[in-house]
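Reviewing the structure listed below.
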2 protein chains.
Amino acid sequence: MGSSKKVIRIDLSSPVPVYRQIADQIRAMLVAREFSPGERLPTVRQVAVDLGVNHNTVAEAYRNLAEEGWLSLERGRGALVVSRTTPSPSPKVRSAFGQRLRDLIAQVRAAGVSPQAIRSEFEEAATALLGREGKGSAR
Amino acid sequence: MGSSKKVIRIDLSSPVPVYRQIADQIRAMLVAREFSPGERLPTVRQVAVDLGVNHNTVAEAYRNLAEEGWLSLERGRGALVVSRTTPSPSPKVRSAFGQRLRDLIAQVRAAGVSPQAIRSEFEEAATALLGREGKGSAR
DNA sequence: CATTGTTGTCTAGTTAGAGTAGACAGATCA
DNA sequence: TGATCTGTCTACTCTAACTAGACAACAATG
């Protein structure tokens with residue numbers, strides 16, 4: 001078991017802005033507990049050269065994550081992962097999630113991805129991000 | 001069973017552009033077979049006044065769906081739903097889907113939505129868009 | 001304690017794309 | 001024909017993503 005690099009991949013041709021792609025992927029790693037509180041993320045300039053973008057673009061992503069309570073940014077020192085209290089859920093985000101989920105599934109279904117493959121991708125993501133809670137017979 | 005209105009909801013404060021929100025939701029309805037080939041969609045101007053946006057914004061959404069093969073646009077006549085052949089799936093779209101799915105799940109998980117709720121929302125979307133194929137033990 | 005090099009932050013500026021307004025062109029019908 | 005539907009096109013405004021480069025706080029080192 002080596003240093004498992006935790007690589008980020010961006011798509012410049014995607015309509016979703018790069019700073020959001022970066023924030024989204026780091027957030028996914030944080031939710032999956034791939035970073036521990038107290039750990040330091042690579043610097044904005046380090047990530048910037050890795051991805052071939054401006055350091056300000058990475059800084060914007062870090063600032064978003066800091067606003068969400070994931071990071072503590074200290075100038076001159078770096079980006080520190082902090083322990084975060086999960087907010088209480090709102091019905092609005094849940095219904096909005098349902099909407100975006102349907103749209104996303106419809107999009108890939110229309111692109112030819114099979115229902116089995118879609119379910120399989122979800123299970124993979126769910127076990128990584130949600131654990132195995134509530135697998136058989138939900139609720 | 002009445003005329004089940006098939007309403008579209010848009011969020012002007014969302015970062016995803018309105019024309020894409022419209023296209024995404026109509027595509028979801030098309031995948032869910034809520035429209036039949038031969039049926040006519042409401043006109044761009046009709047949808048525009050319903051949503052309170054410019055008719056060109058709706059036209060852009062319709063044009064996207066036409067490019068995907070869902071609609072046939074005939075000026076002076078309207079937007080016709082056509083029968084579409086599903087393209088063969090590419091591994092790229094599937095892995096990109098996995099990525100976007102993880103990002104989306106991480107986002108709502110971070111917002112406090114419970115794992116059970118997330119799984120429940122997925123099941124709801126899946127049965128509406130994918131049918132019940134492959135429910136127990138995938139693959 | 002000064003110096004040097006690191007870190008994140010800030011200010012400007014460019015550019016691409018979303019949205020709008022309004023004219024245009026094909027289709028339908030009285 | 002004339003009136004009025006339909007989607008299309010052109011021109012314009014405005015916001016936001018991205019970049020370049022200077023700036024400020026901190027650390028390391030002599």
Give a yes or no on whether a donor-acceptor pair under 3.5 Å exists between the nucleobase atoms of D:dG21, that is its base, and the side chain of A:Asn56. yes
Is any N or O donor-acceptor pair between the side chain of B:His55 and the base of C:dG19 shorter than 3.5 Å? no
[X] side-chain proximity, nearest of [options]:
X: B:Arg75; options: D:dC18, C:dA25, C:dT7; answer: C:dA25
X: A:Leu73; options: C:dT9, D:dA17, C:dA18; answer: C:dT9
X: A:Arg45; options: C:dT20, C:dT7, D:dT19; answer: C:dT7

State plainly whether the residues B:Lys6 and B:Glu39 are in salt-bridge range, i.e. N to O under 4.0 Å. yes
Between the side chains of A:Glu123 and B:Arg119, is the shortest nitrogen-to-carboxylate-oxygen separation below 4.0 Å, so that they form an ion pair? yes
May I have the distance from [X] (atom [atom1]) to [N] (atom [atom2]), rounded to whole angstrom?
X: A:Arg63; N: C:dT7; atom1: CZ; atom2: C1'; answer: 13 Å
X: B:Gln21; N: C:dG17; atom1: CD; atom2: P; answer: 19 Å
X: A:Ile22; N: C:dG8; atom1: CD1; atom2: P; answer: 13 Å
X: B:Leu71; N: D:dT6; atom1: CG; atom2: P; answer: 16 Å
X: B:Glu60; N: C:dA18; atom1: CD; atom2: C1'; answer: 9 Å
X: A:Arg77; N: C:dG5; atom1: CZ; atom2: C1'; answer: 16 Å
X: B:Asn64; N: C:dA18; atom1: CG; atom2: P; answer: 9 Å
X: A:Ile10; N: D:dT19; atom1: CD1; atom2: C1'; answer: 14 Å

Reported CH2-to-CG distance for the pair B:Trp70 and B:Asn64, which is rounded to 0.5 angstrom: 14.0 Å
B:Pro15 vs B:Tyr62, nearer the 5' end of DNA chain D by closest nucleotide: B:Tyr62
Between A:Leu12 and B:Gln46, the residue closer to the 5' end of DNA chain D by nearest nucleotide is B:Gln46
A:Leu65 and A:Arg27 have their tightest heavy-atom pair at CD2-CB, 4.0 Å
Might you point out which heavy atoms bring A:Pro87 and B:Ala110 nearest each other, and give the distance in Å? CD-O, 3.3 Å
Taking OP1 and OP2 of [N], is either one under 4.0 Å from a side-chain nitrogen or oxygen of [X]?
X: B:Thr57; N: C:dT20; answer: yes
X: B:Thr43; N: D:dT6; answer: yes
X: B:Asn54; N: C:dG19; answer: no

